[in-house]
Amino acid sequence: MVEELDEGFWAVQVANEATKTFGDTHVICGGWSPSGSFHIGNAREIITGYAIHHQLLLQNSKSKLTFVIDDFDSFDRIPKTLKNFKDKLRPYLGKSIHMIPDPYGEEESYAANFTKTFVDAMEDWGLDIDIKSAYEMYQDGKYDKYLKTYLEKKDEVQKIMEEIAGNQLDSFVNVVCPNCGNLRTTVLLSFENDVMEFVCESKNQFKGCGYKGTTKIKDHHWKLKWRLDWPARQNFLKVTVEPAGKDHSVAGGSIDTSLEIHRRIFNSPPPIMPRYGFITMNGKKLSGSKGTGIPAKDLRKLLNPECYFFLVFKNGLRKDVEFNYRSLDYARLVDQFVMARRYLNGYEYPGTERQLEKLKLAVRLALNDDHVSVIPPDIGIAELLLVYQSSLRNVALTIEKFRKMGKITAEDSIDELKERLMQAEYWLDNYAPTSMKFEILETPPEIAKQYWTDEIKQYWIECLHSIQPDMSPEDITLVIRSKAKEMDLPIRSIYQAFYVLLLGKPAGPNASQLILTLGKDYILSSISKIE
RNA sequence: GGGCGUGUAGCUCAGCUUGGUAGAGCAACGGACUCUUAAUCCGUCGGUCGAGGGUUCAAAUCCCUUCACGCUCACCA
């Protein structure tokens, strides 16, 4: 039964296909251009790759996770997030990002600065990745023989482009001007034997230097056009699986031409290239410049990265994944992650078997092998924040309360709960809907007067005096109600007065809990402050 | 125009690959206590599975057609 369900899970399907095609040694690859901060939206590529990588390891295959940093790319536009450095950066348009100075002055180059955001995040996420620099690979001559092969089989290459993409390439390379370093301004005049003749002239926003000259393959002042670069590096890195975003997966796009080049130029089976969707908020792709794509290295403040993997894994590969952390979706996701982890450890939950089994596969794959047996306490985010806030944000007190409620059992992991609570607090303060928030007021609000008649005041003073610190919340509720009946006051008006005094609004979390947490003296002193 | 995805309960979605009685969470309603409060528990309500056709003993699921919505489409990577 479980075997059958496995088949339907995309990570398992891709892993199986990979094993069938390439045996049991794999290189899973990804890539990204460090032209801006690495954020949780562009992390889908590496997360997708990690799913397949981890699945292969669980199936006892050998697998390596590789990631190419495209630091040889040209600087095509100034990102919105760097508009403060507009004037400083403008002269570098069209040049390779590895040779542009870091605008922040922290790292060796523009590319190095943003590469760091990737490296730091992956370390924090606990992913072991072999990181490659495209620039270095060009300098090491890794691409040389591929350029030569393309030139030798020029007609066949152009035939593929014609057939698949609909038009031929006007050249196979972009020359990087040896004089000014620009690769958008060079025009290739001729390419014979080993020698590229070119001229560097201004083109739109890209300023050329006017240099005219020649360069040879071994000088490495050139870069393959993307459609030729991709299959080449997949070939020398021995890539077996490389996920690609749906922006690549247009009919006749770079995926299709890559696959054909593997087959017809390299005469080898092409890597498996699964296509994945984006991560969205309200249907819009997460974006660094719009602020929705939070930096990947900061994710843990908000969410356990494993929970984020879980989100991606449980969704269909090609579907866009909605991650609206500025809504209650956050609580839904974290709660489901907790549920799945508990289910993984044998606890029962309602739902169809298929659904639960799928979540189980997703969560198993998302968790670091060392974390599989950790059992999170079964407490939802809403409840957690409610008790936390009514405990004046005291962690120890919050946990103590849950313990008294019997919500923490012996095998539960308190560390997990503490970490989750800190993340939930970060969410509460930065992203949560205001309905989730409340704060105990130090002084009574203006409107309290309207609620606090002399009768109510007298009621609460008497009521609080008869409450003892060792009473249970249920006992306190009983006192509140019987006293109200005795004095013939409507329950509603009593509670409203209570909440307005302490929170500034006429409703709130369980009053008895609040009284126990704050202590009756705190409330009595608040009452005395009402004008 | 091409590619991909989505359309299932009031809301958020699972289920479709491999056809076999339509499934959760939240919301709503009722109860567990003579509880008009945002933590508990139990129960109830709730769906012509976008529409039409085909295959089949049997279709949310497979095939075709169609409608609506979303994303995406640089000699950028």
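Labels below follow one simple rule: chain letters A, B, ... track the order of the sequence lines, proteins then strands, and each chain is numbered from 1. These numbers come from a predicted model, not from an experiment.
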Could you check whether [X] gets within reach of a base, just the sugar-phosphate, or nothing at all, counting any heavy atom under 4.0 Å?
X         : value
Arg184(A) : sugar-phosphate
Lys314(A) : nothing
Asp170(A) : base
Tyr499(A) : base
Gly283(A) : sugar-phosphate

How far, in whole Å, is [M] from [N] if one measures between their [atom1] atoms?
N      : M      : atom1 : value
U66(B) : G7(B)  : C1'   : 14 Å
C13(B) : A51(B) : C1'   : 22 Å
U18(B) : C62(B) : C1'   : 11 Å
A24(B) : U56(B) : P     : 34 Å
G54(B) : G5(B)  : C1'   : 25 Å
A68(B) : C76(B) : P     : 36 Å
G20(B) : U61(B) : C1'   : 11 Å
G47(B) : U21(B) : C1'   : 15 Å

Pair [X] + [Y], salt bridge at N-O below 4.0 Å:
X         : Y         : value
Asp170(A) : Lys225(A) : yes
Lys223(A) : Asp73(A)  : yes
Asp320(A) : Lys284(A) : no

Is there, by distance only and without an angle test, a donor paired with an acceptor across the side chain of Glu322(A) and the base of U12(B) below 3.5 Å?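 No.
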Can you find an N or O donor on one side and an acceptor on the other, under 3.5 Å apart, linking the side chain of Tyr495(A) with the base of U36(B)?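 Between U36(B) and Tyr495(A), which were checked side chain against base, a qualifying N/O pair under 3.5 Å is absent.
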Give me the distances for all protein-to-nucleotides 19-21 of chain B N/O pairs that come in under 3.5 Å?
none

Can you tell me the pairing partner of [N] across any strand shown, Watson-Crick or G-U wobble, with both distances under 3.5 angstrom?
N      : answer
U37(B) : none
A68(B) : U6(B)
G1(B)  : C73(B)
C62(B) : G54(B)
U18(B) : none
C29(B) : G43(B)

Just the rounded figure in Å: distance from [atom2] of [N] to [atom1] of [X].
X         : N      : atom1 : atom2 : result
Met339(A) : C13(B) : CE    : P     : 16 Å
Asp247(A) : C4(B)  : CG    : C1'   : 11 Å
Gln355(A) : U8(B)  : CD    : P     : 16 Å
Ile255(A) : G2(B)  : CD1   : P     : 20 Å
Lys358(A) : G23(B) : NZ    : P     : 18 Å
Trp460(A) : U37(B) : CH2   : C1'   : 10 Å
Tyr276(A) : C71(B) : OH    : C1'   : 14 Å
Asn204(A) : C75(B) : CG    : C1'   : 13 Å

Compute the centroid of each ring, for Trp460(A) and then for Phe498(A), and state whether the two points are separated by less than 6.0 Å.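 Yes.
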Please confirm whether the ring centroid of Phe323(A) lies under 6.0 Å from the ring centroid of Tyr325(A).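 Yes, ring centres under 6.0 Å apart.
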Between Lys246(A) and Ser74(A), which has a closest nucleotide on RNA chain B that is more 5'?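 It is Lys246(A), whose closest nucleotide lies nearer the 5' terminus.
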For Leu224(A) and for Asn315(A), find the nucleotide of RNA chain B with the closest heavy atom, then tell me which residue's nucleotide is more 5'.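 Result: Asn315(A).
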The side chain of [X] lies closest to which of these nucleotides: [options]?
X         : options                : value
Asp320(A) : C71(B), A39(B), C4(B)  : C71(B)
Phe278(A) : C76(B), G25(B), C71(B) : C71(B)
Lys284(A) : A77(B), U40(B), C71(B) : C71(B)
Asp70(A)  : A38(B), A77(B), C75(B) : A77(B)

Given Tyr110(A) and Phe75(A), is the ring-ring contact (aromatic ring centres under 6.0 Å, His included) satisfied, shown in steps? CA-CA 10 Å; Tyr110(A) 183 100; Phe75(A) 185 52; 5.0 Å; yes
Could you tell me which residues satisfy side chain to side chain donor-acceptor pair (under 3.5 Å) with Arg420(A), sequence neighbours excluded, listed by chain and number?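 With sequence neighbours excluded, Arg420(A) shows a side chain to side chain donor-acceptor pair (under 3.5 Å) to Glu416(A), given in chain and number order.
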Counting only side-chain N and O atoms of [X], is one of them less than 4.0 Å from OP1 or OP2 of [N]?
X         : N      : value
Lys223(A) : A77(B) : yes
Lys319(A) : U6(B)  : no
Arg332(A) : C11(B) : no

Option passing ring-ring contact (aromatic ring centres under 6.0 Å, His included) with Phe72(A) (candidates Trp222(A), Trp226(A), Tyr135(A), Tyr143(A)): Tyr135(A)
How are the rings of Tyr146(A) and Phe236(A) set to each other: parallel, tilted or perpendicular (split at 30° and 60°)?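 If you compare the ring of Tyr146(A) with that of Phe236(A), the planes turn out tilted.
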Residues Glu45(A), Tyr276(A); criterion side chain to side chain contact (heavy atoms under 4.5 Å, CB included); working and verdict: CA-CA 8 Å; Glu45(A) 173 133 337; Tyr276(A) 59 85; 2.4 Å; yes
Ring pair (Phe, Tyr, Trp, His ring centres under 6.0 Å) partners for Tyr388(A), two or more places apart: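 Here no residue qualifies.
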